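Remember, predicted model here, so these are calculated numbers, not experimental data. Numbers restart at 1 for each chain; the letters A, B, ... are given by sequence-line order, proteins then strands. Heavy atoms only: backbone and side chains are in, while hydrogens, waters and symmetry mates are out.
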2 protein chains.
Amino acid sequence: MDNAGRVRAPRRKLGIRTIHDVAALAGVSSITVSRYFNAPEKVSPVVRDRLRQIILETGYVPSQMAGRLASAESRVVGAVMQNTGSSTFADLVKGMGDGFEGSGLQLLLANTEYLQDREERAVRAFMGWHPSALILTRDDHTPESEALLRAARCPIVETWGVVPGRPFHQVGFPHADVGKELARHFLAQGARRIRFALRQAPQDFRAQQRAQGYAQAMVAAGLTPDVQASSCDDELDAGAQMLERLSREPPDQRPQAVIFASDNMAVGAILAAPGRGIRFPQDFAIAGFGDAPIAARLHPALTTVRPRPYDIGLKAAQVVLSLKAGRDPEAPPATHLVPCELIVRESSRLA
Amino acid sequence: MDNAGRVRAPRRKLGIRTIHDVAALAGVSSITVSRYFNAPEKVSPVVRDRLRQIILETGYVPSQMAGRLASAESRVVGAVMQNTGSSTFADLVKGMGDGFEGSGLQLLLANTEYLQDREERAVRAFMGWHPSALILTRDDHTPESEALLRAARCPIVETWGVVPGRPFHQVGFPHADVGKELARHFLAQGARRIRFALRQAPQDFRAQQRAQGYAQAMVAAGLTPDVQASSCDDELDAGAQMLERLSREPPDQRPQAVIFASDNMAVGAILAAPGRGIRFPQDFAIAGFGDAPIAARLHPALTTVRPRPYDIGLKAAQVVLSLKAGRDPEAPPATHLVPCELIVRESSRLA
DNA sequence: TTGTAGGCGTTATCAG
DNA sequence: CTGATAACGCCTACAA
């Protein structure tokens, strides 16, 4: 009976209204309030109305921390982007956001600037939330990341690019195919001197995958790949630089067509062309990648390949939701293709 | 002693290694493991080494849910964006992400597509996480949102735009000032017929704030504001549409200068100009807003105002961190200006 | 339909 | 520097 006379200081609380407060006000037990939120159909209409009223008045909001801890289901999804600022990843995030809207899943975001070790830190940080799923945007990880991911108890989805042989779900398209398709577009028009122009940016491994696809198509056609890299960091500058280099090559040895690693590079070239006395596609044809909004409005309109980052993000979210809903969240990894589309415009028309 | 012979089914657990497992392996109590993570200096070097080893081997990661619940400090920051897909918000997110990198704060993201009720849902959802802070990107909320925010126990930061009289922290710049500055730029050159061109997009209230600033400057100069709206949804199309409309007005009644609500609109106009026989700035001068990467490379190079969304996001994160670190997290709301810069280029040079 | 008992994995408090 | 104890706010299991 004797509490030893010593009174322990109350520990710090959130200082908020709890489920018990609401229960007391309604004259029911707290589990009934819990059910009101998680299984309203199990609460009688009368009690339900009373609770609705009280919850409205008190502004009670259930604690996610407590709820997720007790239910052993976090309902958070970690998303690791490479460059949140770029339109590709921004659209991916938007698609994921829309996909999760109303599902009760919360999106945790991390950005890595294409750095593997930042990705590893992000993955590690996310693991602590015991996420319902993890969405990544690359397929080459540090060994530690890879180990963490394989040991994870949640679905892992790799998005944007798709490569064979991965142990995780994938949503996107094979970047190498883009390079192949563009090369073939020019090969089919009879071109034999076709160049691939990118930036010296080792972190942009997707551009390199596209370059590899281009090279394969060239070799398959019995031709020598011609991949050139610009030292400029800025894509528009890189395009302008590549154009300047081209303008100095003898016209009869110049490539008949140039595939730029991105629309931005191609745009840089198009905007710099008048100053160099170059005309597209008369002097040589060009194409890009990304289908930037201005691609269609430029003169000449830019031939490009249109990826669908928004749809990829949306699909990734849907894959997560269906794995969560399905009876088998540990379903074997599947690959979901969200193909690109070749958009042929004036800039790639060879004489 | 008799357990009544009935065995309760074990409740669902996360099925993970816990702090107790690690403690048992190390032969210490679990609180020591907790200290290893939260206050390593309070753990003896010997024990620390042993724990490091064991944590490495087991791959143990502390549960954020449990930790945050127990410590009554969520260490999550909710960010509500209007349009994640646009470069402005993408840069804001990037800045915030970099600002929180390494701080231990997790970013929760929501997107609203400029819809107030989606914002309200997002705020409500975030409240359940008892966030360490909430970052918003507008200052006009539904009454319910506003009430939720005022009742929130965490710092609220409104970003991007800045308006007087709000009860929350603000980081950004007054959009009306941008409109004023551009109007004055043309007024100073002697222009009297100056138009502001925007889209009929009521959700884009920032563009309307810029238009209002423009209108004020016009009135202050004794002139009549001329605000015209395009019905096009797409900004580039809207710019082209406005240009077409302008090209049909009699040259002597045409505006001498047009302020477009965004660079994209201005770009649409510039790209469509050759087709309409219009030349900038000879026929009339133009300016935009946003400093899109191509603005400087177009012909003519586009005069624009450069906002710094990345810096605003970064600053917002820093404000949150300093409030968290400071002894007074309930400091009175402050306004942090991250001013824009007027970038004068060829397109705005009046004869 | 409602309630009781107990635990989810961690950290705050107080005592060595 | 280390540990025992008792929460944090909610939900699962079971019983009525």
Side-chain angles (χ1 to χ4, degrees), chain A residues 3-24 26-51 55 58 60-75 127-130, chain B residues 3-24 26-51 55 58 60-75 127-130:
Chain A
N3 263 345
R6 240 188 285 77
V7 177
R8 226 182 156 85
R11 70 183 293 174
R12 179 169 31 137
K13 312 187 193 192
L14 277 172
I16 52 166
R17 240 177 280 283
T18 72
I19 202 170
H20 304 294
D21 301 334
V22 175
V28 297
S29 84
S30 49
I31 187 64
T32 302
V33 181
S34 172
R35 289 198 184 104
Y36 172 84
F37 285 103
N38 301 312
E41 72 282 1
K42 289 186 179 169
V43 177
S44 69
V46 186
V47 175
R48 207 151 47 190
D49 280 352
R50 190 139 34 98
L51 284 174
I55 287 159
T58 56
Y60 168 73
V61 179
S63 158
Q64 296 296 323
M65 296 297 175
R68 302 302 124 235
L69 174 63
S71 71
E73 207 210 337
S74 71
R75 291 194 206 154
M127 297 312 269
W129 293 97
H130 302 297
Chain B
N3 263 342
R6 241 187 284 81
V7 178
R8 226 184 154 85
R11 69 181 296 176
R12 182 173 20 143
K13 310 187 195 193
L14 278 172
I16 52 164
R17 242 177 280 282
T18 72
I19 203 171
H20 304 294
D21 301 334
V22 175
V28 296
S29 85
S30 47
I31 189 66
T32 301
V33 182
S34 172
R35 290 202 183 100
Y36 171 84
F37 285 103
N38 301 313
E41 73 282 1
K42 290 187 179 170
V43 177
S44 71
V46 187
V47 175
R48 209 151 44 186
D49 280 352
R50 191 141 33 100
L51 283 174
I55 287 159
T58 56
Y60 168 73
V61 179
S63 160
Q64 295 295 326
M65 295 297 174
R68 300 307 122 232
L69 174 62
S71 71
E73 208 211 334
S74 70
R75 291 196 204 153
M127 296 312 270
W129 292 98
H130 302 295

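Across residues 28-49 of chain A, Ile31(A), Ser34(A), Asn38(A) each have a non-hydrogen atom less than 4.0 Å from an atom of DNA chain D (numbered order).
A donor-acceptor contact shorter than 3.5 Å is absent between the side chain of Arg68(B) and the backbone of Met65(A).
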Can you give the donor-acceptor pairs under 3.5 Å from side chains of residues 34-44 of chain B to other protein atoms, not counting sequence neighbours?
| unit_1 | atom_1 | unit_2 | atom_2 | d |
| --- | --- | --- | --- | --- |
| Ser34(B) | OG | Asn38(B) | ND2 | 3.4 |
| Asn38(B) | ND2 | Ser34(B) | O | 3.1 |
| Ser44(B) | OG | Val47(B) | N | 3.4 |

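Rounding to whole angstrom units, CD of residue Gln64(A) and C1' of dC8(C) are separated by 16 Å. In this entry the distance linking CE of Met65(A) with P of dC11(D) reads 14 Å, nearest Å. As rounded to whole Å, 11 Å separates atom C1' of dA7(D) from atom NE2 of His20(A). One interatomic measurement links the two molecules: CG of Leu69(B) to P of dG9(C), which rounds to 12 Å at whole-angstrom precision. Look at CZ on Arg17(B): it is 18 Å from C1' on dC8(C), rounded to the nearest Å. For the pair Arg75(A) CZ and dC11(D) C1', the computed distance is 11 Å after rounding to whole Å. Atoms CH2 (Trp129(B)) and P (dG9(D)) sit 16 Å apart, rounded to a whole Å. Remark: C1' of dA7(D) and CD of Glu73(B) are 17 Å apart, rounded to the nearest angstrom.
In terms of the side chain to side chain donor-acceptor pair (under 3.5 Å) criterion, Asp21(B) has no residue partners (sequence neighbours excluded). Taking Ala23(B) as the reference, Val28(B), Ser30(B), Val33(B) meet the side-chain contact (heavy atoms from CB on, under 4.5 Å) condition, with sequence neighbours excluded. In this structure Thr32(B) satisfies the side chain to side chain donor-acceptor pair (under 3.5 Å) test with no other residue, sequence neighbours excluded. With sequence neighbours excluded, the residues forming a salt bridge (Lys or Arg N to Asp or Glu O under 4.0 Å) with Arg75(B) are Glu73(B), listed by chain and number.
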